[in-house]
Every structure is written in C-alpha cells, then in structure tokens.
Number of protein chains: 2
Amino acid sequence: MCQDVFVPTPQRSARRSDALSRERIVAAAIEILDADGEPDLTFRALTARLSTGAGAIYHHIANKNELLAAATDDVIAQLFSQIEKDADPAQTLRAISLGIFDAIDAHPWVGVQLSHDPFPAVLRIWKAIGEQLQALEVTGPAQSNAGSALVSYVLGAAAQHVAGPRTQRDTAAKREAYLETLAERLTLHDPDPLVGEIADQLREHDDRAQFLAGVDIFLTGIIAQTTRPTPTSS
Amino acid sequence: MCQDVFVPTPQRSARRSDALSRERIVAAAIEILDADGEPDLTFRALTARLSTGAGAIYHHIANKNELLAAATDDVIAQLFSQIEKDADPAQTLRAISLGIFDAIDAHPWVGVQLSHDPFPAVLRIWKAIGEQLQALEVTGPAQSNAGSALVSYVLGAAAQHVAGPRTQRDTAAKREAYLETLAERLTLHDPDPLVGEIADQLREHDDRAQFLAGVDIFLTGIIAQTTRPTPTSS
DNA sequence: ACCTGAACACCGTTCAAGT
DNA sequence: ACCTGAACACCGTTCAAGT
C-alpha cells in the first residue's frame, strides 16, 4: 500500500504537546510491565496512564502482540547498546549472555516473550552471537549450530530463572520463597533421595553463577569441537 | 428457551457412567490443545466437549493454570515411560533430549508451558537427566551445573522451535512458510550481509538435526570439563 | 489524521440452586 | 458430594462519532 507520509506538521492546531506516539506507548507499556507484570498490562491500564481513549492506541500499534514485541525489542536493543566488547571473543560471548540474563532478570516478561514470539528481538541476539563466533573462527554449519545452541541455552535458562515470579520485585523478593516452597513440595511428594538432592540444590544455588557455568560448558564444547571436529579424527 | 430439561438419564441414581474426573478433564484438555492450540482451550469449549457445566470442572481442578500444568505433566510422564535407556549414558541423554524435543514438536503448547510454569513436569526432566549425569560420573556442583544447563538448553531450543506456530498442524505445515516470511522480513529491514546469511540458514536448516548438534556441543563440553576441570590445571 | 469512549464478543471464575 | 448454568468482573478490539 502507499506510504502514509507521516508529515509532522509543526504549526497546525498544535494539539496536545505530549501527543501519542509509538515510542510513548511502548515506554508506558514497559513501565506497567516492570511494575505489575504482563497480566496487568491491559489497554485500559495503558489508556489510563496515557490519559487517552482505548482506540487511540490502535492508530500506532496493531494489537497487544505487537506492543509486547516492540517493548521486548526496546529492552534488548537498549541492552546491546551497552555491551562492551572484549578482545577475547569468548569473553564477549560471556558478556552478551550475562547481559541478556540480567535484562530478563530485571524484566521477567521479556523472557516469556522471547520464548513465545522471538521476532524481532531474537534477531539482535543471533547477530551479536554470530559475530563473535566468526571471531572465534567457528564458521559454516558449525557456526549455525553453535549460535543456535547458545541462543537456545541463554533464552531457556533465563526463562527458567524467571519462571514463577512475574515481576522484578517478585524475582528479587519472592524467588527464594518460591524455591523453598518448591523444594518442600518436591520432598513431600517423592521420597526418592535424588529428589532430596535436587531440593537442596534449589535452596542453595545461585542462578546467576549457575547460568555462567552453563555458558562455559557451551564455550568449552564449541572450542573442543572446533579443535577436534569429530571424535574419530586424529 | 426456558425448560432445557432434556434429561436422558435412564434410571437416575446410577448417575452418568462417564462421571467427570480429573483424568477425563485433562484428557479432553489435551485433545483441544493439540487440535486448536492454547488460546482455544476455554472452559466453555471444555464443558461443551464434556457435556457438563462450567463450574463442574472446578470440583476437580483448581483453575486453568493447574489444568495446563496437569496436561503438561501428563505428556511428559507419558514420554518418560517410553524412553529406552542405553548402556552409554551419553546416548541415553541424547534419547531423553530428543524425546522431549519431539514431544514438544507434537504438542507445541507443552513447550510454552514448561518455560512459563515448570512445576511439576520439569522435575521429571531434572531427575532423568541427573541420573544419567551420575552415570557419567559428573557429580557434586558440576552435576548441578551440567544438569541445569542441559535442561535449559533442551527447553529453550524446543521453545524456539515451536515459537510462532501454535498447534502441531501449524508446526508441520506452516513453519516453513513462517521461516520464509521471517527470512524475507529480515533481509528487507537490514542490508547487513550477516543477516542475509542468517536468513539463508533459516530457510535451509533442519531444526531437529540442529537441536541434536547442540546436545552434542553440551556433551562435549561436559565431558571435556570433567576430564580437565579447569583450563589452568595440567 | 488523530482521538474518543461506548459497545461487542469474548474470557476465567463464582455461587445459589438443584440432585 | 457433585453438578448446573446464570451471573460477575473482567479482557482485547472495533467503530461511529467527534476535532
């Protein structure tokens, strides 16, 4: 269809100074999502915060899915503008992974969204990780496999980290209680000693440190496979 | 419109032979989820299929979250009853990972649920993977790290695999078109040659093979770390 | 062009009333 | 004890009407 022009019209009737825009809508959505979680992001809450009518939003955003995707992309874009690249590609990959983990820790709804509907934010992640893998001289199908695996791991681990709690406040304050409850329910329902061990690990472990240990397992595997592509090669 | 009566009940006190039960409710929910996807699992659709009233469900299931968790646990439990253990723990870990991937491929809503609300199904996965890691003589904190990482990878990869399509029919028939559309949008919005490469990979790659390649990166990393715990050790 | 807000077609859950 | 189904308190989205 045609391009809609979008002439900013400086003089005109001036209207309200804080006119609605996609940016303002996304910013307001992020505030609600961070404060109250995804279920509380309703068009009614959004219109109340923006002092507008329900339908006005739809002049800038197609629907709620697009709003969530835009809010997620905003957080991820912001994150990548802050990542500092190291001379060592493996170290940069650790920084990228940890940056994503911390962003999802701070905005749990981002983790849910990236697993549910990855476009367009996950593209940024693919690009950044692919670049570093090339620097590691992992190329061709090996790069595709390694990149896909690392992206899946990072998103999967972050999603597990924020599973249960729905807001950042919840994550910090309630995750311990959540894990404790979970641990109790496990041991209650299952006398298996292995379950007891898992429950203890739940109580004690540090998600962030464990996440980084997983990244290192990946990097070790990628580097080992590059050095020695197949187990049968000499 | 008022009488409704329509009481077939032949002899009364026998009640209906197919009385409601948690099992029948969960089975009906799985049928709807597989056929139409999570958004179409409504209590109205469920009561219609079970020929009952809306409130009757609540005598057996606390709410929709519990219903989704129960349906997911049902699928995962079913899966583990079919896994064949190999003498080689690494091979069994591949079989478990692939079994979970295929189960989520067949029931995409399971992937969403496991990322969103892991209990109790993810416990089964932890147990099965932890057992095989012990057989690999990965113990202590290393086992905890390795198990957590593999679970995160498997769930993350499966979630990415089913992202977009919402039913198994969609996955098979529409994923190719989805990836093609995605590839086109990528190249349209971004002239970066790296994006072009990613788009080509999207079009060509085999999710299942790539998933297995990622599992092997993991196993390689875990085994390499066990053999040589820290990079600085001789 | 952009905004308004009532209206529409839903949804999960509750609860008085039945058996 | 278990079931019924109307009612309640929402929700995302639409659309005639305004400026």
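Chain letters run A, B, ... following the sequence lines, proteins first, then strands; residues in each count from 1.
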Student: For residues 70-79 of chain B, please give each side-chain donor-acceptor pair under 3.5 Å, one per line with the distance, not counting sequence neighbours.
Tutor:
residue	atom	partner	partner atom	Å
B:Thr72	OG1	B:Leu68	O	2.8
B:Asp73	OD1	B:Arg124	NE	2.8
B:Asp73	OD2	B:Arg124	NH2	2.9

Student: Taking only side-chain nitrogens and oxygens of B:His59, does any of them come within less than 4.0 Å of OP1 or OP2 of D:dT4?
Tutor: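 Checking B:His59 against D:dT4: no side-chain N or O falls below 4.0 Å of OP1 or OP2.
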
Student: Counting Watson-Crick and G-U wobble pairs whose two distances are both under 3.5 Å, find the runs of 3 or more in a row that involve DNA chain C.
Tutor: C:4-8 with D:12-16, C:12-16 with D:4-8

Student: What integer distance in Å separates A:Arg22:CZ from C:dC3:P?
Tutor: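 Computing the A:Arg22:CZ to C:dC3:P distance gives 15 Å.
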
Student: Considering only heavy atoms from C-beta outward, does the side chain of A:Leu98 approach that of A:Phe211 to under 4.5 Å?
Tutor: yes

Student: My understanding is that only residues two or more places apart in sequence, or in another chain, count here; which of them pass side-chain hydrogen bond (donor to acceptor under 3.5 Å, both in side chains) with B:Ser97?
Tutor: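 Not a single residue meets the side-chain hydrogen bond (donor to acceptor under 3.5 Å, both in side chains) criterion with B:Ser97.
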
Student: What nucleic acid atoms does A:Leu41 come within less than 4.0 Å of, heavy atoms only: base, sugar-phosphate, or nothing?
Tutor: sugar-phosphate

Student: Find every protein N or O atom lying less than 3.5 Å from an N or O atom of nucleotides 13-16 of chain C, and list the pairs.
Tutor:
residue	atom	partner	partner atom	Å
C:dT13	OP2	B:Tyr58	OH	3.0
C:dT13	OP2	B:Lys64	N	3.0
C:dT13	O5'	B:Tyr58	OH	3.2

Student: How many whole angstroms separate atom CD1 of A:Ile57 from atom P of D:dC11?
Tutor: 14 Å

Student: In whole angstrom, what separates A:Ile25's CD1 from C:dC2's P?
Tutor: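 Distance check: A:Ile25 CD1 to C:dC2 P gives 11 Å.
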
Student: Got a sec, which residues hit salt bridge (charged side-chain N to carboxylate O under 4.0 Å, His left out) with B:Asp40, two or more places apart in sequence or on another chain?
Tutor: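 Not a single residue meets the salt bridge (charged side-chain N to carboxylate O under 4.0 Å, His left out) criterion with B:Asp40.
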
Student: Once ring pair (Phe, Tyr, Trp, His ring centres under 6.0 Å) is applied, what residue pairs with a partner in residues 28-80 of chain B remain, sequence neighbours excluded?
Tutor: B:Phe43-B:Tyr58

Student: Is B:His60 near enough to D:dC2 that one of its side-chain N or O atoms lies under 4.0 angstrom from OP1 or OP2?
Tutor: no

Student: One thing to verify: whether A:Asp105 and A:Arg208 come together as a salt bridge, which I'm taking to mean a side-chain N less than 4.0 angstrom from a carboxylate O.
Tutor: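 Salt bridge absent between A:Arg208 and A:Asp105.
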
Student: Without decimals, in angstroms, what is the distance between A:Asp40 CG and D:dC10 P?
Tutor: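 From A:Asp40 CG to D:dC10 P: 11 Å.
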
Student: Of all residues at least two apart in sequence or in a different chain, which pass the salt bridge (charged side-chain N to carboxylate O under 4.0 Å, His left out) check with A:Glu66?
Tutor: A:Arg22

Student: To the nearest Å, how far apart are B:Leu46 CG and D:dC3 P?
Tutor: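 Between P of D:dC3 and CG of B:Leu46: 13 Å.
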
Student: Atom CD of B:Glu38 and atom C1' of C:dG12: how far apart are they, to the nearest Å?
Tutor: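 Rounded to whole Å, this separation is 12 Å.
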
Student: Could you pull out all residues at least two apart from B:Arg49 that satisfy salt bridge (charged side-chain N to carboxylate O under 4.0 Å, His left out)?
Tutor: B:Glu31

Student: So, using side-chain hydrogen bond (donor to acceptor under 3.5 Å, both in side chains) as the criterion, who are the partners of A:Asn65 when residues are at least two apart?
Tutor: none

